[in-house]
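Worksheet: the structure to be examined is printed underneath.
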Amino acid sequence: MGKPPKKKNLADKVRKTKTSTEIKNNPFEVKINRKKFDILGRKSKHDVGLPGVSRSKAINKRKETLLKEYKTKDKANKFIDRRFGEYDTKMDPEEKILQRFSMERQRTQDKKNMYNLNEEEELTHYGQSLSEMEKLNDMVDSDDDADEKGMLSAELTASHFGGGGLLRRKTQGEKDNGGNQRAKSRQELIEELILKSKQEKRERQNQKEESQVLTEKLDQDWKSIQGLLAHKNAPKADRHEEEDKPKLDEYDMMVRELGFEMKAQPSEKMKTPEEVAREERERLQKLEADRLRRMMGDAVGDCTKTQAHMSADDINDGFILDGDDKPTLAYQDGKWNINEEGAKIEGDDEEGGEGESGEEESDEEEEGSDEDSHSDLDSEQESAGGEEEEEEEEKDEAPATKSQLSEEERKAQAEAAKAELPYTFKAPESYSDLKGLLQGHPADHQCIILARTQKCNHPSLAVGNKLKLQKLFGFLLEYVGELASRSPPELSTIDKMIPQLYGLCQLFPEAASKAMQTTLVDSAHSMEEVLEVKGRAAFPQLDMLIYLKITALLFPTSDFRHPVTTPALLYISQALTKCPVMSLEDVTSGLVLCCLAVEYISFSKRFFPELINFLLGVLHLAVKDKTSTGYSVVPPFRQKGKVSDLLVLSDPESSQTWSKKTLPLSATQTLTLTTDLDTDHYRLSAVATCLDLLKRCSSLYRELASYSHIFKPITTLLSKHLPIKTYPAALQDLHGEILAAISGSLMSRPLLVFEKKKPIPLKLFTPKIVEVLDYGKKRGNTKEEREKERLNHKYKKEFKGALREIRKDTRFLAREKLNEVMGRDAERKRKVKELFGSLATQEGEWKALKRRKNSRH
Amino acid sequence: MATSKRCNVSSENLTVNDVKTPKIDINSKVDLIIQSKKHANDVFDVLEYLQSEKEKNVVCAINGCTKLFSTLLERGDLYVGQLPKEELLIGGDRSADEKYCMFIRHRYNGCLELLLEHISHESYQIKESALCALMEFASMEGKFPLQDLDWSEHYSFPRELIQAVVERLLSQEEDMAVLISRFQEYLDMEDVRYYVMSSVRENVGRVMDKTKGAVMPIYQNNVFTLLSNINMPSQESELTNYLVKQEAKHEDWKAAKLKEHKRAFERLWLGFLKYKLPSSMYKKVLVILHDSILPHISNPTVMIDFLTAAYDVGGAISLLALNGLFVLIHQHNLDYPDFYKKLYSLLEPSVFHVKYRARFFHLANLFLSSTHLPVYLVAAFAKRLSRLALTAPPAALLMVLPFICNLIRRHPACRVLIHRPSAADEACDDPYLMEEEDPSQCHALESSLWELQTLQKHYHPDVAKAAMAINKPLSQQEDDISELLELSTYELMERDLKHKQSKTVPLEFDPATQLLQGSGGVLGLNFSLE
């Protein structure tokens, strides 16, 4: 067992005995790694290797780890040395012994203490003995405690436990001098330490006292100033000087008071007239731009978006800073949804009020309502509400100013009305309520009632008012419809109510649009039902015509798509295509619808085929000879039939007495024409209206590509078939104008091509800078690839290394095993030899004995 | 008996019961007659009630008669065979039983006559019960035939009775539509249908020959209602429902063969359509022609003359004839010369406004779906449609714009209509000739669809968007127009409303003060608030 390790140890021994320099200088120990290229500026670590050293290191290491593992391979038990500090290499063996000794003693003492009652016990507080604390007269301040809590100074610990580095160094230093002096110097050191700490403590106490004095002084100073600051509570403050807590409360209170104290708020500057005018102009421009944008619809909106400039820094992620998706101008829940816009509108309203006339302002004062209370200092909300109210008020006054009555008369009337009418009204809960409220009052009074109802139930006054007023719009609309369907229709009353409707609509756009939509859709639905049953339907009643007109007044008709006006346009289209003209009333209704259609499209100049068809049909009614026309009319009109001569004059002479006048709206319902002359005049008026509308259309549609084709049947009819000779001069002029306008238009158009698709520009980005870290081989271009390459390489190397290590391990183990086997064999051989030897001696002895015996014999 | 006595005695006192009495009276008498031959003379009382003024009484009498005679028929109390005249009845030397049978048979005939008269009664209730009673008799007669027939050769069916009923139904003075729809219940029976068809044919031939082919709106309307109520079976196996079941050789019966049915149906329609029809009738016939007439005719090609004549009429009738023609062309190899030329000439401004728009465009889509059509033809169609679109309502536009785009997609050579880069900047007049009837001469291929460009400015957003499609190269995928075919303006409006905008509603910013104000004041200039 002893032999083979001895053999091994021989080389190690040699190595150990030799110093490292010796080994390095020994050429048999050194292996020089040949370099292929000599590279300047590169230090190579591995130009020289010491295979022997490293091998013996490796073997040693294996012996410590692998071999031990191998030895304890199938053994479950383990021997652990639990002696104190056994595995602590940092401890001195002497100290180890000392500690072990002290621990031993403690253990024995503890056991004794159990029965040793008389022995004084040390009471401690925070690890310090109380007796010691009593000795130190000065109480350690709580502040001090906080400072040193749990943090004993290094020296102190060192002195107590003797483990500190300082102490050890010193002991080591002393060790050199001699072992005898050591104990004494240690005692001295501890004394020194105690002295030092005491001194420190004293100093600290002094400092503390000083600072306390300073604080007290400061407090007193503050109190003297406090009297000045807190003017009201000054005398009280003196009294409570000593008491800390009340003083603190007071202070807090004061701080809060100061925080909440009213500050003078900046009021808005009065605007000069120029400023107001400029703001108004800007507002209108903005609104107009908004209207145009909506008119173009999203289809065109897309185009503008694509044309937007793309900067070089654009990363094409669709993020656009100045997108044109600003919310449209509208009220939301009775407030402007955008503050700045709201502000501008308010400004406008004020301006409008001023602009109208001085009378109005005086009027406002006369009314003397509670509006005066609104001051600049009011909170924002209140002022907004107030302005809305003012706005309504102005709306109320507007029709009044427009009426032809002189100022005095009007004032008198208004006062009289005020005298008669109550000032507050309950918001109507149902349509019949509203009807009851308004019934029997003249039109002006009805307006005042409505205005007051609105004011009394303003959304800012109570919670449920908003809903009430929202309902009011629907009721008012219904009431307007009823007024229109009375006979004769009370159109002037409706006229007065328009501002009320407008005001309510501005307040509650959602509710208003909903009510209007329902009205339109219901009517369209009933028309559809009639159409399905009968195949044709009657023209809409006057109330529907009025509703359509109101729609145009309340909502923008030029929008590309609008929740109310688009259905309204469809309704007009349905009426114009599905309702056959049976009488002069129908002609009038149709013409009203045409007028509305022209109004709807006058701004956007959109194409309305039904309008042209209808106008053609109406003019066709005025043509005498219906055969061999060069055009064809479109349903609901017929080329010929019993009602297709509605507008043919019975007597051509009657045109001489005709003079242009407007048609009454009530003629859509009932027309009472007694004489033939009246009828002829009415016919001429209808034709005049029709021609007027045509003229407007011809100018509106000038830009359309197939302008000439749209107006071709009309041109044919006007130039060849209409008995224009029999018409009065005014109509002849109009006729000539239309023909000139149509024929003067551009006939030829460029052929159609697709929109030029802009070539998608190459994306021009900022140059891409690639970090080049290694200048050698370029494997992989991206960072990831390179990283991967590097890791692969590393892995390969590691793998190879590990493989080599494992091989070495197995070789080592195999060698160990072989050694073991050889050792065992040798042992056995030796024992066998021994046995043989003993046997041989035995045999020899026996033989010798035998020989002796034989020889004796 | 007792009740009637009491009734006679105390009619003044029981005024309340007075209303009930005729009914009870009739019922009791009917019971008596059925019970014994002694009371046979009470038949006259019952028949008298049949002629009563009161509607209720008549209905009761009809019910009574139905019960009475069907019981007697079942019992075999009616005389079978050639009936001698009533005057001869008394003199003849016959047994009492035989006399009784003859007497009852005469009463039965009288009852039938009265019932037939009642079919033309003013009251619908009487009409209906009379009709039901007659059909009840017909079914009883079928089971217990009154003719002395040789069973092996003839099939028993009350042909005369059916003929008489049909004659009454096809009144020349009165619109019988309601009664005829009631009659439809009986028309579901195979044999009734068969014999009704043959009797209608005879009737039509007779009546129309009498008037020398002049139009008779009411009569023809009745005939048409009856004809359109005939539901033909499509398979032999469906022939199961019979009024009279023949005992012998049922399978050989004409009324039991689908082929015979078809032949009768065909002859019937041909007989009807031979004469001049009022134009509304023409349309009605054409509407049902393709799906309820043509499939049931044994030889549909006989309809060619009728359809081509209708196609040449023009207007809505042509549009409707198109459907029948399509069936013939598609399934029966009809070769129609200049079909597309004719179709082209059908495109009039009114085509977008008529009721049959959906049907027409559905067919036009089918006809133009062939990719083997010459380019000039397709271009002519596209151009003409777009020209007509200038007068169309929005619902039609939403359909016709994808239609035109589909045409261009199917025939890429037509792309020049919307994209002609070679002559891009040249302005020119539209070379297309709207008046030219021949699509090959109309120069459509040299033109461009400016009309669609115009419609990009249409007031309805969806139309404008649909028209925008021609600004860019069309996608490969064809638009599906089948859903848009039947779109009405109201539906369009509803679609708009569903198009809910989450944003707030934009408002007019010009404050409104007067009714006739705003937007140029066109209304105010032409109308006054009066």
Side-chain angles (χ1 to χ4, degrees), chain A residues 287 294 297 299 328 330 332 398-399 491-492 494-495 498-499 502 506 509 513 524-525 528 552-556 560-561 563 566-567 569-570 573-574 577 595 598-599 601-602 606-610 613 632 634-635 662-666 689 704-706 710 747-755, chain B residues 348-350 353 387 390-394 418-421 423-429 448-451 453-455 457-461 464-465 468 471-473 488-490 492-493 496-497 501 503-509 511-515 517-520 522-523 526-530:
Chain A
L287 286 171
R294 277 186 276 127
T328 50
Q332 194 162 35
L491 295 173
S492 51
I494 298 176
D495 193 29
I498 294 299
Y502 183 78
Q506 294 285 323
S513 68
H525 184 62
E528 180 82 8
L553 288 176
L554 299 186
F555 301 101
F560 185 67
R561 188 192 286 279
T566 307
L569 275 167
L570 277 177
S573 152
Q574 193 188 24
T577 47
C595 281
V598 170
E599 282 191 6
I601 55 159
S602 59
R606 293 195 198 288
F607 180 42
F608 205 127
E610 295 89 329
N613 291 347
S632 53
V634 178
T662 54
L663 301 172
L665 275 175
S666 56
T689 307
L704 292 184
S706 9
I710 294 167
M747 289 288 272
S748 51
R749 298 272 163 185
L751 289 162
L752 288 184
V753 278
F754 291 143
E755 269 174 7
Chain B
E348 286 288 318
S350 59
H353 294 83
R387 180 63 66 81
L390 287 180
T391 62
I418 53 169
H419 182 58
R420 200 191 299 270
D425 298 322
E426 287 173 36
C428 69
D429 274 355
S448 268
L449 299 182
W450 287 287
E451 291 81 5
Q453 199 183 27
T454 306
L455 286 174
K457 289 285 281 178
H458 195 270
Y459 67 90
H460 196 269
K465 267 185 192 163
M468 295 278 190
N471 283 351
K472 291 185 191 110
S488 75
T489 315
Y490 174 67
L492 194 59
M493 204 185 276
D496 267 350
L497 293 185
Q501 282 181 318
K503 283 187 215 159
T504 48
V505 186
L507 294 174
E508 179 66 47
F509 58 82
T513 49
Q514 275 177 302
L515 185 63
Q517 171 216 36
S519 308
V522 186
L523 193 63
N526 290 306
F527 289 91
S528 61
L529 283 177
E530 277 169 41

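Just so you know, these numbers come straight off a predicted model, no measurement behind them. Residue numbers begin at 1 in each chain, while the letters A, B, ... track the order of the sequences.
Residue B:His458 touches chain A through both its backbone and its side chain, counting heavy-atom pairs closer than 4.5 Å. Interface residue B:Ala464: only side-chain heavy atoms are found under 4.5 Å from chain A. Contact of A:Gln574 with chain B is made through backbone and side chain together, with heavy-atom distances under 4.5 Å. Residue contact with chain B, scored on non-hydrogen atoms closer than 4.5 Å, involves the backbone and the side chain of A:Leu570 alike. Only the side chain of A:Ser513 comes within less than 4.5 Å of a heavy atom of chain B; its backbone N, CA, C and O stay farther away.
A:Glu528 CD to B:Met493 CE: the interatomic distance, rounded to the nearest 0.5 Å, is 9.0 Å. The distance from atom CE of B:Met468 to atom NZ of B:Lys472, rounded to the nearest 0.5 Å, is 8.5 Å. To the nearest 0.5 Å, the span separating CG on B:Leu455 from CG on B:Leu390 amounts to 6.0 Å. Distance CG/B:Asp496 to CG/B:Leu492: 5.5 Å, rounded to 0.5 Å.
Listed options A:Ile494, A:Ile601, A:Thr566 were ranked by heavy-atom pairs under 4.5 angstrom with chain B; first place goes to A:Thr566.
In summary, the side chains of A:Ser573 and A:Glu610 do present a donor paired with an acceptor at a separation below 3.5 Å, with no hydrogens or angles considered.
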